[in-house]
Amino acid sequence: MQRRKLVMMAGALAAGAFGQVPVPAARPKHKLLLAITVDQFRYDYLTRFRGEYSGGLARLLTQGAVFTNAFYEHTPTVTAVGHSTILSGASPALSGIVGNDWWDRATGKEVTSVSDPSLQTLGAPERKASSPHRMLVSTLGDEIKMAAKGESRTIGISFKDRSAILPAGRMADAAYWFDNETGNFVSSTWYQKSLPGWVEGFNGKKVGERYLGVEWKAGDLLLKKMPAKADTMFYSNMEASPFGNELLEEFAEQAIENEKLGTHAGVDVLAVSFSCNDYVGHAEGPDSPHAHDISVRTDKMLGKFFAFVDRKIGMRNVLVVFTADHGVAPVPEVNAARKMPGGRLKDKEIGAAIEGALTAKYGAGKWLANEKSQYVPYLNYDLIAARRLDPGEVRKVAADTVRNLPHIARVYTKDQMIAGIPITDFVARRAQNGYYAGRSPDLVVITEPYYMYAAKGTTHGAPFHYDAQVPVILMGAGVKAGRYHRATAVNDIAPTLATLLDVAVPSGSMGRVLDECLTY
């Protein structure tokens with residue numbers, strides 16, 4: 001009997017060796033990749049207000065893989081750069097998206113990350129148009145399209161044009177953003193010739209007008225009263241309230257319904273970015289009751305959204321990533337009251353110092369090419385050439401001048417960034433990752449922690465952790481729920497999702513696969 005068993009086992013092994021390999025269990029098929037970004041949502045909002053979360057954030061925190069030490073590895077930490085990184089994995093050094101806007105030397109004009117004068121805005125033809133044409137790398141949605149694994153659709157939605165456009169990528173089927181003059185969702189002729197009927201229908205219903213005169217309260221505390229007239233003032237106030245997020249969530253539901261997302265042969269992508277938290281945070285700061293309340297309302301709003309997705313597609317068929325595009329610094333006056341450092345700096349001080357130093361050394365002239373944001377200085381190359389000066393020497397003089405101003409921590413020149421600065425710490429690494437020579441300024445100026453160029457409220461953009469640490473949570477089939485404490489970069493999201501979806505890693509991805517949370 002024992003001999004017979006051995007013979008049978010040998011036969012089974014031989015059969016396997018000659019091609020009769022056991023068929024592995026089928027992997028779950030993801031029907032929808034849902035990429036959710038909350039603008040200016042610091043990581044610590046997850047922990048500070050955890051006891052008040054019972055909706056979508058609570059679901060993510062209990063059913064998702066939560067990365068507790070996730071950071072952006074670039075500076076400036078601003079909206080366009082963050083959104084361009086999430087689904088591409090590329091920092092500005094490769095993506096070319098170096099800021100919300102920058103000085104374009106080819107045209108001698110300030111441009112935004114998505115401005116495109118060759119196109120028209122659908123739904124508001126008098127408004128300047130936008131597209132992803134400045135994005136130099138692919139996104140996950142682009143790679144899904146190029147993989148040609150069946151028909152798929154990729155759509156980006158946000159209140160901000162850059163936040164709708166950049167995560168979705170160059171091959172997206174559509175991107176929609178909010179026009180605060182009309183209260184409509186608009187798009188661009190980059191994607192299609194006219195707005196779909198369902199978008200026209202949503203705009204026609206004037207859904208946002210339900211918030212006319214509505215009070216935003218946290219308990220008995222009145223945080224804002226909405227204007228009673230539907231005009232630009234009303235829609236601008238909606239941007240800086242939780243009501244804008246609620247409107248966007250309803251629009252996202254309509255996108256899923258009308259575009260039939262989650263029903264195509266290939267995996268669909270919906271990138272939704274909720275912008276209102278950022279407007280509130282800039283005005284009131286991260287320690288305000290406003291930031292607290294809109295975070296709790298975001299949890300409830302995401303709970304509603306997930307319930308809708310569950311009914312329409314089934315959450316078991318959805319792969320979710322949740323993150324933010326940057327954090328935010330405390331309001332300087334709040335920091336001062338608690339004996340912490342920080343303060344407000346004047347933008348014009350840097351420009352004046354550069355102009356003064358270069359005039360003293362080389363003679364009078366307009367040494368700066370850009371008038372806006374002089375703490376992001378672009379030198380006047382025409383004047384440098386006309387004076388037959390060495391641009392590198394001029395940059396060094398300018399850098400030495402700025403370096404001696406109060407509360408300036410570091411100044412790097414274009415020449416240093418191109419040559420490669422010594423990566424001695426995370427500040428240097430993030431500065432290097434954030435630099436693209438064809439678009440970035442002549443000087444990279446980094447203030448001391450908590451100092452900012454903002455006349456009121458607060459802002460972000462620094463390499464320090466309060467601006468760079470954000471939530472990264474993955475949830476869905478193939479992801480093992482839990483808390484993961486290893487240092488993580490937002491750049492890691494794209495290659496991890498590509499691995500789960502069996503498509504190529506986006507072309508400029510600089511991250512690693514978060515294989516510690518994967519189950520296959």
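- In the model, N317 has no side-chain atom that pairs as donor or acceptor with a side-chain atom of K29 under 3.5 Å.
- L500 places a side-chain heavy atom less than 4.5 Å from the side chain of V479.
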What verdict does the side-chain contact (heavy atoms from CB on, under 4.5 Å) test give for S187 and T121, after you've listed the backbone C-alpha separation in whole Å, the side-chain angles of each residue and the deciding distance to 0.1 Å? CA-CA 6 Å; S187 189; T121 299; over 6 Å; no
Show your reasoning for whether side-chain contact (heavy atoms from CB on, under 4.5 Å) applies to Q63 and M315. CA-CA 11 Å; Q63 298 180 21; M315 287 298 286; over 6 Å; no
Stepwise side-chain hydrogen bond (donor to acceptor under 3.5 Å, both in side chains) test for D44 and T47: CA-CA 5 Å; D44 66 331; T47 56; 5.8 Å; no
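- Other residues, nucleotides and ligands place no more than 12 heavy atoms under 6.0 Å from the NZ atom of K31.
- In this structure, K312 places its NZ atom where only 12 or fewer heavy-atom neighbours from other residues, nucleotides or ligands lie under 6.0 Å away.
- Y381 and D442 form a side-chain donor-acceptor contact under 3.5 Å, judged by distance and modelled atom types alone.
- Here the side chains of D492 and V490 are not in contact, with every heavy-atom distance at 4.5 Å or above.
- Under 4.0 Å is where a charged nitrogen must lie from a carboxylate oxygen, and between K145 and D173 at least one such pair does.
- In terms of heavy atoms, S188 sits closest to L119 at OG-CD1, 3.5 Å.
- No cation-pi contact links K300 to F305, judged by a cut-off of 6.0 Å to the six-membered ring centre and 45° from its axis.
- Donor-acceptor pairing under 3.5 Å is recorded for the side chains of D179 and T182.
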Working note: K224 + N237, criterion side-chain contact (heavy atoms from CB on, under 4.5 Å); need CA distance, chi angles, decisive distance, verdict. CA-CA 9 Å; K224 179 190 283 287; N237 272 270; 3.0 Å; yes
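- Nearest heavy atoms, A271 versus L87: CB-CD1, 4.5 Å.
- Between the side chains of Q120 and T189, no donor N or O sits under 3.5 Å from an acceptor N or O.
- By the 6.0 Å contact criterion, NZ on K260 is open, its count of non-hydrogen atoms from other residues, nucleotides or ligands being 12 or less.
- With hydrogens and angles left out, the side-chain atoms of D325 and T37 include no donor and acceptor closer than 3.5 Å.
- Minimum interatomic distance between A329 and M452 (heavy atoms only, all atoms of both residues): CB-CE, 3.7 Å.
- Considering CG of L57 and OH of Y45, their distance stands at 13.0 Å, rounded to 0.5 Å.
- Once rounded to the nearest 0.5 Å, the distance linking OH of Y378 with NZ of K414 reads 9.5 Å.
- Not one N or O on the side chain of D467 forms a donor-acceptor pair closer than 3.5 Å with the backbone of F464.
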Pair F67-Y484, ring-ring contact (aromatic ring centres under 6.0 Å, His included): steps then yes or no: CA-CA 5 Å; F67 291 86; Y484 298 86; 5.2 Å; yes
Assess whether salt bridge (charged side-chain N to carboxylate O under 4.0 Å, His left out) is satisfied between E239 and K160, documenting all intermediate values. CA-CA 10 Å; E239 290 178 334; K160 299 178 182 180; over 6 Å; no
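- For the pair H133 and S118, the minimum side-chain heavy-atom distance is 4.5 Å or more.
- With rounding to the nearest 0.5 angstrom, the OG atom of S88 is 10.0 Å from the CG atom of L140.
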Decide yes or no on side-chain contact (heavy atoms from CB on, under 4.5 Å) for E246 and C276, but give the supporting numbers first. CA-CA 10 Å; E246 293 173 9; C276 299; over 6 Å; no
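- Taking the six-membered ring for Trp and thresholds of 30 and 60 degrees, F185 and F178 have ring planes more than 60 degrees apart, a perpendicular arrangement.
- Side chains of N245 and R297: a donor-acceptor N/O pair is absent below 3.5 angstrom, by distance only.
- Checked for salt-bridge contact, K304 and E250 miss the test: no charged N lies under 4.0 Å from a carboxylate O.
- Separating the CE atom in M226 from the OG atom in S241 is a distance of 4.5 Å, to the nearest 0.5 Å.
- A donor-acceptor pair shorter than 3.5 Å cannot be found between the side chains of T458 and H282.
- Contact check for P242 versus M301: no side-chain heavy atoms found under the 4.5 Å cut-off.
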Please lay out, stage by stage, how T298 and N277 fare under the test side-chain hydrogen bond (donor to acceptor under 3.5 Å, both in side chains). CA-CA 9 Å; T298 298; N277 305 64; 3.1 Å; yes
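- A pairwise comparison of heavy atoms in V505 and A498 identifies CA-CB, 4.0 Å as the closest pair.
- Side chains of D278 and S275: no donor on one and acceptor on the other come within 3.5 Å.
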Using ring-ring contact (aromatic ring centres under 6.0 Å, His included), reason through W198 and F251 one step at a time and then give a plain yes or no. CA-CA 10 Å; W198 70 266; F251 187 77; 5.1 Å; yes
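- Side chain of N370 to backbone of V376: a donor-acceptor contact under 3.5 angstrom is found.
- In this structure, the side chains of S95 and L136 stay at 4.5 Å or more apart for every pair of heavy atoms.
- A side-chain contact (heavy atoms from CB on, under 4.5 Å) with V320 is found for exactly one of L60, L302, L32, namely L60.
- Counting non-hydrogen atoms of other residues, nucleotides and ligands closer than 6.0 Å to CE of M233 gives a total of 12 or fewer.
- Judged by distance alone, with hydrogens and angles left aside, the side-chain atoms of D116 form no donor-acceptor pair with the main-chain N or O of S130 at under 3.5 Å.
- Using a distance-only test at 3.5 Å, with no hydrogens or angles considered, a donor-acceptor pair links the side chain of D268 to the main chain of G262.
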Trace of the side-chain hydrogen bond (donor to acceptor under 3.5 Å, both in side chains) decision for R170 with S131: CA-CA 8 Å; R170 298 177 65 102; S131 83; over 6 Å; no
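- Remark: W102 CH2 to T112 OG1 distance equals 7.5 Å, nearest 0.5 Å.
- For N433 and S91, the side-chain atoms include no donor-acceptor pair closer than 3.5 Å.
- Around atom NZ of K225, more than 12 heavy atoms belonging to other residues, nucleotides or ligands sit under 6.0 Å away.
- Between H326 and H460, the ring-plane angle classifies as parallel under the 30° and 60° cut-offs.
- For the residue pair R162/S84, the side-chain donor-acceptor check at 3.5 Å is not satisfied.
- Considering F234, F159, Y211, Y279 as possible partners of F243, the one that fulfils the ring pair (Phe, Tyr, Trp, His ring centres under 6.0 Å) test is Y211.
- A donor-acceptor pair shorter than 3.5 Å cannot be found between the side chains of H74 and Q432.
- The OG atom of S115 sits 10.0 Å away from the NZ atom of K109 when rounded to the nearest 0.5 Å.
- When side chains are defined from C-beta on, T79 counts as touching D39, because their heavy atoms get closer than 4.5 Å.
- At least one test fails for R430 against the ring of Y72: distance under 6.0 Å to the centre or angle within 45° of the axis.
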